[in-house]
S.K.: 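Please read through the structure below; I'll follow up with questions.
Numbering starts at 1 and runs along the sequence shown. Just follow the structure's listing: the first ligand is 1, and inside any ligand the first atom is 1.
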Amino acid sequence: MVDRRTDDGTEKNGDTSRRTFLKATGAATASAGVGTGAVSAASEDRAEETDVEAMLADLTLEQKVGQMTQVDVGTFDPESAEIPDSFGVETLGEYFSELELGSIISGGASPPTFDPEETVTGINALQEYNLDNADHSIPFLWGVDALHGNTLLAGSTSFPQRINMGATRNIEAIEDAARQTADSAAAMGAHWTFAPTTDLQRDPRWGRFYEGITEDPAYLGEVSKARVRGLESNDRLCSTVKHFGAYSIPENGNDRAHARTSMRDLRTSLLPPYRTALEADPATVMVNSGAVNGKPAHASEWLLTQMLRERYGFDGVVVSDYDDFYRMLSNHDYTDSFRRTVKEGLNAGVDMYMIGNGGEAPGPAEFIETTVSLVEDGEVSTECIDESVRRILELKDELGLFEEPTVDESEIDAVLGGGQAESEQLARESMVLLKNDDALPLSGGEDVLLAGPGYDPDLDLENRFLMRHGGWTLGWQGIEEGAPSEGGPRPRGETITEALEGSLDGTLTHVPTDFRAQPYNPETSDANGDFGFTDEQEADVREAAGSADAVVVVLGEGPHNEGFGDRNELALDPAQRELVAAVEDEAPDTPVVGVVLAGSPRGGTETFDSLDAVVFAGQPGSDGGHAIAETLLGGNNPSGKLAFNWPESVGKVPNNYDAYPPLDDQEPLYAFGHGLSYTDFEYSGLSVSPGSVSDPANTPTVTASVGVENTGDEAGEHVVEVYNTQSYGSVLQPDRRLLGYERVALDAGESTTVDLDLDLSALEVVPGDVPGILPKVVEPGEYELTAGKETTTLSVENAGSITDDRPAVGFDLDDGNAPAGLVEFLRGLGR
Ligand code: BGC
């Protein structure tokens with residue numbers, strides 16, 4: 001399978017015959033016109049109050065399961081017959097008239113068109129068709145992947161990818177970006193975005209590493225919570241905490257492979273970020289596509305019901321991932337029976353099944369038929385179905401869909417490319433200066449050679465912007481699936497070349513080298529690109545390098561997504577290394593600066609030793625070109641900090657900053673928290689108050705204070721971080737744990753005292769022996785705290801639980817889930 005999404009027509013349906021809207025309540029008849037921004041027409045006849053129970057009672061079993069079904073479509077045209085043969089209907093319109101589907105997805109950041117106006121009128125028209133033709137006129141939910149901005153439309157703001165967000169330590173700015181995303185997605189007509197991704201960023205071999213914020217569980221939880229708040233700040237949009245849980249640690253680094261972990265790891269690191277995000281009350285959760293400790297997550301009642309609903313109290317809609325009941329057969333080889341996976345998935349706690357757009361996977365009709373038969377045979381209860389449908393209808397009600405099924409078509413224009421200030425700020429603050437041997441900043445007066453991947457000879461197109469935006473940007477694998485057309489749809493923004501040209505007083509020579517994006521073909525390159533350095537390009541580079549005052553080489557990897565992005569190595573592609581070698585050879589005394597555009601820690605000493613400075617720019621999006629130019633020229637004093645360990649090589653993976661000792665031979669190339677500046681910051685006098693905590697359950701937060709002085713010559717921003725660096729307990733303690741962070745801005749010579757809230761829940765461990773089932777506690781002891789070279793000690797006198805004062809789910813004698821034999825066994829053991 002290559003491109004799972006199609007990009008197709010936008011015809012709308014003009015049929016205005018309507019059936020009863022909210023017939024179940026007998027309350028109203030909608031008569032909205034199509035494409036008129038016709039919210040008000042529909043609302044004239046709206047139900048005074050939605051009676052979800054009455055609606056539920058009026059649905060047949062088939063129609064209920066229809067509401068539990070979501071399908072990926074590539075068109076707005078109800079007459080379109082581009083429906084996979086196996087799907088049981090002949091046109092898109094029949095999804096509604098025959099199957100009464102509850103939800104539509106234009107997945108992969110690929111709506112049927114990238115044109116804003118056509119999209120909003122298309123969604124409205126299809127909704128009208130649904131209301132006119134479905135028996136119950138229940139509005140559908142339109143779901144999208146607006147993951148770093150509403151990057152489904154030309155002209156949208158592509159905010160820096162999640163890997164960049166993590167480097168900023170700026171939760172407020174991240175929330176602001178999510179707010180803009182919500183307004184834009186809602187104005188487009190979407191009701192649902194499948195964000196925030198809340199999977200711990202642990203393994204850079206994994207193709208979705210760039211979607212992670214950080215490898216630190218507490219920081220990830222806080223950022224995800226803020227993103228839920230931001231995304232749900234618009235009443236017409238709901239968010240999705242995904243992919244519950246432990247998706248991000250496939251043991252072989254391959255997307256959707258099995259995760260081998262432990263109860264202790266799950267409870268200490270992997271699940272807490274979701275728990276924290278759930279505190280913001282997201283409307284939906286998406287399930288992990290993989291398997292955990294031998295159990296597919298979609299079939300895990302422990303994860304989806306006992307943990308998610310009973311322990312964490314989640315009461316919203318649980319949606320499967322893409323075709324994932326089927327994936328239990330096709331990917332996990334768990335069984336050869338679709339019927340069995342549907343049964344297990346629904347009984348485990350999935351409310352809605354997300355169905356892709358074809359291939360081998362069963363379509364909506366088969367899912368509905370299978371589920372109906374399971375209910376008729378007593379293998380899935382009617383109550384289970386009713387509960388799911390109730391949640392789905394309530395969600396539609398909360399989003400106001402019964403009152404206003406369509407949106408005002410004039411609003412998208414005003415909001416689409418907005419949030420520029422927030423996007424610029426995030427891009428700037430995410431620039432991580434990995435290395436600088438006095439090469440940066442440039443003065444601006446130099447003659448500069450800019451080289452590096454950025455030209456597709458087959459398309460005859462400059463295409464470096466693909467590396468800047470990454471996946472989920474106007475296409476699943478990146479803009480136009482990595483094969484952009486001249487003048488084709490793009491997010492708003494400026495390229496690095498344009499930004500440098502606009503800011504240099506000297507001259508800029510640009511020699512882009514070959515880059516054919518190959519997102520679907522990881523076989524040809526581990527870097528999602530076919531990179532080249534032709535003789536002609538080498539000659540041009542040598543000639544320009546010889547006379548340049550400074551050389552900037554852009555390095556990195558192509559856009560990618562999911563399994564197509566999985567990588568077996570972190571070293572840069574050979575053609576890029578040849579480029580660096582040619583520059584070094586031609587101009588040994590000229591400063592050479594590397595700018596890495598990548599969604600993972602690409603590059604190691606084999607390349608960086610030849611560079612005088614390296615900026616990790618990640619995938620900084622619309623305003624990344626500008627932020628990079630500003631950083632190179634000193635207009636932005638870099639302040640980003642790595643939110644993950646940068647391993648020396650792929651052979652050192654896993655390489656996490658909070659690993660257990662021993663860590664000999666595991667020194668990362670650049671550690672979590674690394675990030676240089678053009679100025680120097682010195683710390684003094686770290687203290688903590690209170691210095692002694694009797695019970696962490698009653699004192700979950702303490703305050704650290706530290707003096708910070710900008711001792712250099714430049715103004716700058718700086719993220720002060722306090723870590724726990726040494727402690728002992730009944731189990732191994734992580735090497736380092738981040739407890740607090742605060743961004744400060746200081747002029748040259750200025751100093752201040754920074755107070756940081758330290759969240760002691762980051763010190764919780766699961767005590768006890770191997771099974772890891774006891775309540776989580778901060779254990780008594782002396783905790784060394786460190787900021788830079790300053791240290792102090794926090795004493796904890798008694799064990800106390802902050803987030804999880806009960807034994808692991810399934811082992812809690814009081815929660816009703818523990819099997820009788822186990823209860824007896826544990827009682828015998830005195831637990
Ligand atoms: C991804 C999800 C995404 C969904 C819809 C899946 O392949 O795993 O994260 O939301 O597709 O596009």
S.K.: Quick one: are T214 and F644 in side-chain contact, heavy atoms under 4.5 Å?
M.R.: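 No - every pair of side-chain heavy atoms lies 4.5 Å or more apart.
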S.K.: Can you sort out which atoms of ligand 1 are near I105, meaning under 4.0 Å from one of its heavy atoms?
M.R.: 5 (C), 12 (O)
S.K.: Under a heavy-atom criterion of less than 4.0 Å, does S289 contact ligand 1?
M.R.: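 Judged by the 4.0 Å heavy-atom criterion, S289 does not count as contacting ligand 1.
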S.K.: Would you call D566 and R208 a salt bridge, taking side-chain N to carboxylate O under 4.0 Å as the test?
M.R.: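 Salt bridge: no.
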S.K.: Quick check on contacts: which atoms of ligand 1 are under 4.0 angstrom from a heavy atom of K242?
M.R.: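 Every atom of ligand 1 under 4.0 Å from some heavy atom of K242: 2 (C), 3 (C), 9 (O), 10 (O).
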S.K.: What atoms of ligand 1 come within less than 4.0 Å of a heavy atom belonging to G107?
M.R.: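 Counting atoms of ligand 1 from 1, those under 4.0 Å from G107 are 12 (O).
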S.K.: Among the heavy atoms of H243, does any lie under 4.0 Å from an atom of ligand 1?
M.R.: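 Yes.
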S.K.: Which of these, D145, T197, V144, T240, has its nearest heavy atom closest to atom 12 (O) of ligand 1?
M.R.: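 Closest candidate by heavy-atom distance is D145.
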S.K.: I'd like to know whether CD of E301 has more than 12 heavy-atom contacts from other residues, nucleotides or ligands below 6.0 angstrom.
M.R.: yes
S.K.: Are the side chain of N164 and the backbone N or O of A427 linked by a donor-acceptor pair below 3.5 Å?
M.R.: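 No, the answer is negative, given that no donor and acceptor are paired below the 3.5 Å cut-off.
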S.K.: What atoms of ligand 1 come within less than 4.0 Å of a heavy atom belonging to G108?
M.R.: 12 (O)
S.K.: Quick one: look at R208 and ligand 1, take heavy-atom pairs under 4.0 Å, and tell me if it's side chain, backbone, both or neither.
M.R.: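 The side chain, only.
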S.K.: Is it the case that the side chain of S158 and the backbone of H469 share a donor-acceptor pair, with hydrogens and angles ignored and the cut-off at 3.5 Å?
M.R.: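 A pair under 3.5 Å: no.
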S.K.: Check this for me, if you would: do D351 and R309 make a salt bridge, where the nitrogen-to-carboxylate-oxygen distance has to be below 4.0 angstrom?
M.R.: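 Salt bridge flag = yes for R309 with D351.
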S.K.: Flag the pair F244 / N288 as yes when at least one side-chain heavy-atom distance between them is below 4.5 Å, and no otherwise.
M.R.: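 When only atoms from C-beta onward are counted, N288 and F244 do not touch, as no gap falls below 4.5 Å.
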S.K.: Going by distance only, is there an N or O of R327 that falls short of 3.5 Å from an N or O of ligand 1?
M.R.: no
S.K.: Hey, is R256 touching ligand 1 through its side chain, its backbone, both or neither, going by heavy atoms under 4.0 Å?
M.R.: side chain
S.K.: Please identify which atoms of ligand 1 are closer than 4.0 Å to at least one heavy atom of F194.
M.R.: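 Here the atoms of ligand 1 in question are 10 (O).
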S.K.: When you compare ligand 1 with M354, is there at least one nitrogen or oxygen pair between them that comes in under 3.5 angstrom?
M.R.: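 Min N/O separation from ligand 1 is not below 3.5 Å for M354.
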S.K.: Using distance alone, determine whether Y247 and ligand 1 share an N or O pair under 3.5 Å.
M.R.: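 Such a contact does not occur with ligand 1.
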S.K.: Any salt bridge between E232 and R179, counting N to O under 4.0 Å?
M.R.: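 Salt bridge between E232 and R179, a charged N being under 4.0 Å from a carboxylate O: no.
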S.K.: Is the shortest distance from a Lys or Arg side-chain nitrogen in D265 or R202 to a carboxylate oxygen in the other one below 4.0 Å?
M.R.: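 So D265 pairs with R202 through a salt bridge.
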